[in-house]
Structures are given as structure tokens and as C-alpha cells.
Amino acid sequence: MLKRSWPVLLIFISMISVQGSASIAKHLFPVLGPEAMTAWRLFFSAIMLIFIFKPWRKSMTKQALKYIFLYGISIGCMNLAFYNAIARVPLGVAVAIELTGPIMVAMCSSRKLLDFIWLSIAIVGLFMLLPFYQVSDNLDPIGILFALLAGSGWACYILFGRKASTLYGASSVAVGSVIATCFLFPISILQSGSTMFSLELLPLVFVVSLLASAIPYGLDMIALPRLPAQTFSTLMSLSPVFAALSGLVVLHEQLTTNQWLAIIFIIISSIGTVLTMSRSVKIKLVEPNPENK
């Protein structure tokens with residue numbers, strides 16, 4: 001029993017690490033801002049990933065470079081939009097809305113009636129979180145928009161990352177992270193100025209990067225080969241719950257009953273989508289868990 005359950009425990013720890021990092025990052029927003037936080041986080045993550053994958057050992061074709069560039073831009077936009085979202089709305093809400101990105105990717109390759117039922121459930125949950133619905137009167141519309149943009153970035157991340165990994169392998173994530181960092185640093189300097197280079201804050205930013213990338217990716221590398229693809233994807237659908245709990249414990253973010261219900265709708269949609277997908281799909285450890293922001 002223990003032998004079968006410990007990989008699941010590692011995935012749970014991975015998700016806790018990821019969502020905990022987001023809570024710590026949010027604490028730093030009043031000083032650094034989402035832009036600088038995103039740039040530094042990606043900078044430290046890129047360094048770690050370069051040492052892990054050693055991309056200089058592989059030659060790169062022009063076609064691979066094109067998709068890796070798009071992949072890197074997707075990483076940057078996804079992370080920037082996500083941090084701007086959680087700066088304005090509770091962490092659990094932002095993660096739930098962002099989850100609609102991969103749900104849409106899954107739906108675009110489906111033609112079964114049951115899959116569209118799952119999509120309808122996700123739309124109901126999303127509708128409950130939008131500003132024109134009465135339970136969302138305490139949610140910032142701009143924050144919700146950023147969460148939707150983060151979901152779109154996640155969808156692009158999946159599509160371009162899949163193509164890049166096919167052409168260049170696991171090293172794509174390291175090169176993509178470098179591209180994302182180069183893309184975001186000028187924006188962050190314009191936004192934050194000299195505050196961005198405060199030596200007192202950088203150790204905390206490094207801790208965020210460690211929790212968001214190195215630790216969960218290492219745990220995923222151990223657990224993924226021992227888990228069916230469907231099990232892993234189902235577990236990942238629970239990310240909004242861990243995000244909401246992290247927001248509650250670390251940030252004291254209180255969600256209303258209806259907001260919890262909306263999150264549950266989106267989670268049900270995600271799990272349902274996973275459970276009705278083809279069982280022939282295999283997990284290939286090509287890039288960090290998409291939630292490893």
C-alpha cells in the first residue's frame with residue numbers, strides 16, 4: 001500500500017511547494033511588484049534548469065529555435081499574467097480560472113458529447129467568478145482578466161512546449177526560461193527601477209524560485225515514472241484547492257461559499273476531462289509541471 005501511495009504523496013508535496021511559493025511571492029509584491037518578482041523568479045529558475053539539462057550539449061535547428069522562442073514567450077506571459085492576477089484576486093480563484101486554459105486545449109482535440117458536458121461545467125464555474133455575477137462583487141475584474149490571460153498563456157505553453165520538446169527534447173525548458181527572462185527583465189526594470197536590485201529581497205526571491213521550480217520538479221521526476229498519466233493529471237486538477245488553502249494559511253485570504261463552489265465546478269470539469277481522455281496517453285517528462293511558476 002505504501003509503495004503505491006508514496007508517489008501520490010510526492011505530487012501533493014510538489015503542489016504544496018508550488019502554491020506556497022506563490023503565497024510568498026505575493027508577500028513581496030508591495031515592494032518588488034509582480035513584474036520584478038516574475039523576472040527574478042524566472043532568472044533563478046533558468047539558472048537551475050540550465051544546470052539540470054545542460055542545453056549546450058545539443059545542436060538546435062532553426063525550426064526548433066522558432067518553437068522554443070514561442071515557448072519562452074509563453075512562459076514569460078503566463079507567469080507575468082499569473083502574478084498580476086494573484087496580486088489582485090485570491091490565489092485559489094486565480095489558479096482555478098487559469099486552469100481553464102489546459103481544459104480548453106483538451107477540449108479542442110475532442111469530439112465526444114461527454115467532453116462538452118465537462119466544458120459546460122467549467123463555463124458555469126467561470127461564470128460564477130466573473131464580475132457580473134453577484135458572488136464576485138469582491139473580486140477585481142482586472143485580476144480576473146489577468147487570470148484568464150494566464151490561462152491563455154498556459155494553453156500556448158502546452159502547445160508550443162509540446163512542439164519544442166519534440167524537436168529539441170527536455171532542454172527546451174531551460175532555453176525557453178532564458179528567453180522568458182530576457183523578455184521580462186527590461187519590462188521589470190522600467191516598472192520597478194533600482195528597487196528590483198535590493199540585496200535584502202533577492203534571497204527571498206531565490207527561495208520562491210526553489211519552491212516553485214527546483215523542489216517540485218525534482219519530486220515530479222521521482223514520482224512521474226511511477227504514476228499512470230491519468231492519475232497524475234487528475235491530481236494536478238486539484239491545484240486550485242491547494243492554492244486556496246495556501247492563500248488561507250499564508251495570506252489569510254477568505255473565500256466565500258459560492259467562490260469555493262465555483263472552484264469545485266472547475267475542478268470537476270478538469271477531472272472529468274482527464275478521466276474521459278484516451279488511456280493511451282503517456283507522460284513524457286519534458287518540462288516542469290505547468291503549475292511550477
Side-chain angles (χ1 to χ4, degrees), residues 18 35 38-39 41-43 45-50 52-85 94-95 97-110 119 122 145-187 209 212-213 216-217 220-221 224 229 232-233 236-237 239 270 273-274 277-278 281-293:
V18 170
E35 293 80 12
T38 306
R41 229 239 52 218
L42 285 173
F43 172 80
S45 297
I47 292 175
M48 295 180 216
L49 292 169
I50 285 172
I52 291 172
F53 291 108
K54 302 176 176 61
W56 60 84
R57 293 182 175 179
K58 297 185 66 175
S59 59
M60 185 185 301
T61 65
K62 289 184 178 179
Q63 187 181 22
L65 178 60
K66 179 181 75 172
Y67 283 104
I68 291 172
F69 177 80
L70 293 172
Y71 173 58
I73 297 299
S74 299
I75 292 174
C77 292
M78 175 181 67
N79 281 275
L80 183 60
F82 178 75
Y83 274 175
N84 271 283
V95 173
I97 296 174
E98 187 192 29
L99 193 62
T100 58
I103 290 175
M104 290 303 298
V105 171
M107 292 300 170
C108 286
S109 61
S110 177
L119 177 60
L145 177 60
F146 272 120
L148 289 170
L149 290 174
S152 300
W154 193 349
C156 293
Y157 169 99
I158 294 170
L159 297 173
F160 293 133
R162 185 179 298 159
K163 187 67 175 179
S165 66
T166 301
L167 296 171
Y168 194 63
S171 298
S172 300
V173 66
V175 181
S177 296
V178 172
I179 292 171
T181 302
C182 294
F183 161 61
L184 285 176
F185 244 87
I187 298 173
S209 302
S213 298
Y217 188 48
D220 289 350
M221 287 182 70
L224 281 176
F232 174 75
S233 300
M236 287 310 305
S237 299
S239 292
S270 180
T273 301
V274 168
M277 285 173 59
S278 171
V281 176
K282 302 291 184 182
I283 289 181
K284 294 182 180 180
L285 191 60
V286 170
E287 59 217 46
N289 176 336
E291 276 296 306
N292 295 355
K293 304 173 184 60

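Of all heavy-atom pairs spanning Ala180 and Gly72, the tightest one is CB-O, 3.3 Å. When all heavy atoms are compared, the tightest approach of Leu99 to Ser237 is CD2-O, 4.0 Å. For Leu49 against Ser177, the heavy-atom pair with the smallest separation is CD1-OG, 3.4 Å.
The side chain to side chain contact (heavy atoms under 4.5 Å, CB included) search around Ile47 returns Phe43, Phe51, not counting sequence neighbours. Considering only residues two or more places apart in sequence or on other chains, Ser59 meets the side chain to side chain contact (heavy atoms under 4.5 Å, CB included) condition with none of them.
Two residues are said to be in side-chain contact when any heavy atoms from C-beta on lie closer than 4.5 Å; Thr61 and Lys66 fail this criterion. Counting heavy atoms from C-beta on, the side chains of Phe146 and Leu80 never come closer than 4.5 Å. Leu184 has its side chain out of reach of Glu35: every pair of non-hydrogen atoms, C-beta onward, lies at least 4.5 Å apart. Tyr157 places a side-chain heavy atom less than 4.5 Å from the side chain of Tyr71. Looking at heavy atoms from C-beta onward, Tyr168 lies out of side-chain contact with Leu65 at the 4.5 angstrom threshold. Contact of the Lys163 side chain with the Leu70 side chain is not registered, since no non-hydrogen atoms from C-beta on lie closer than 4.5 Å. Between Trp154 and Thr100 the shortest side-chain heavy-atom distance does not fall below 4.5 Å.
Each of Ser172, Pro55, Ser171, Ser165 was scored for a side chain to side chain contact (heavy atoms under 4.5 Å, CB included) with Ile68, with one residue passing: Ser172.
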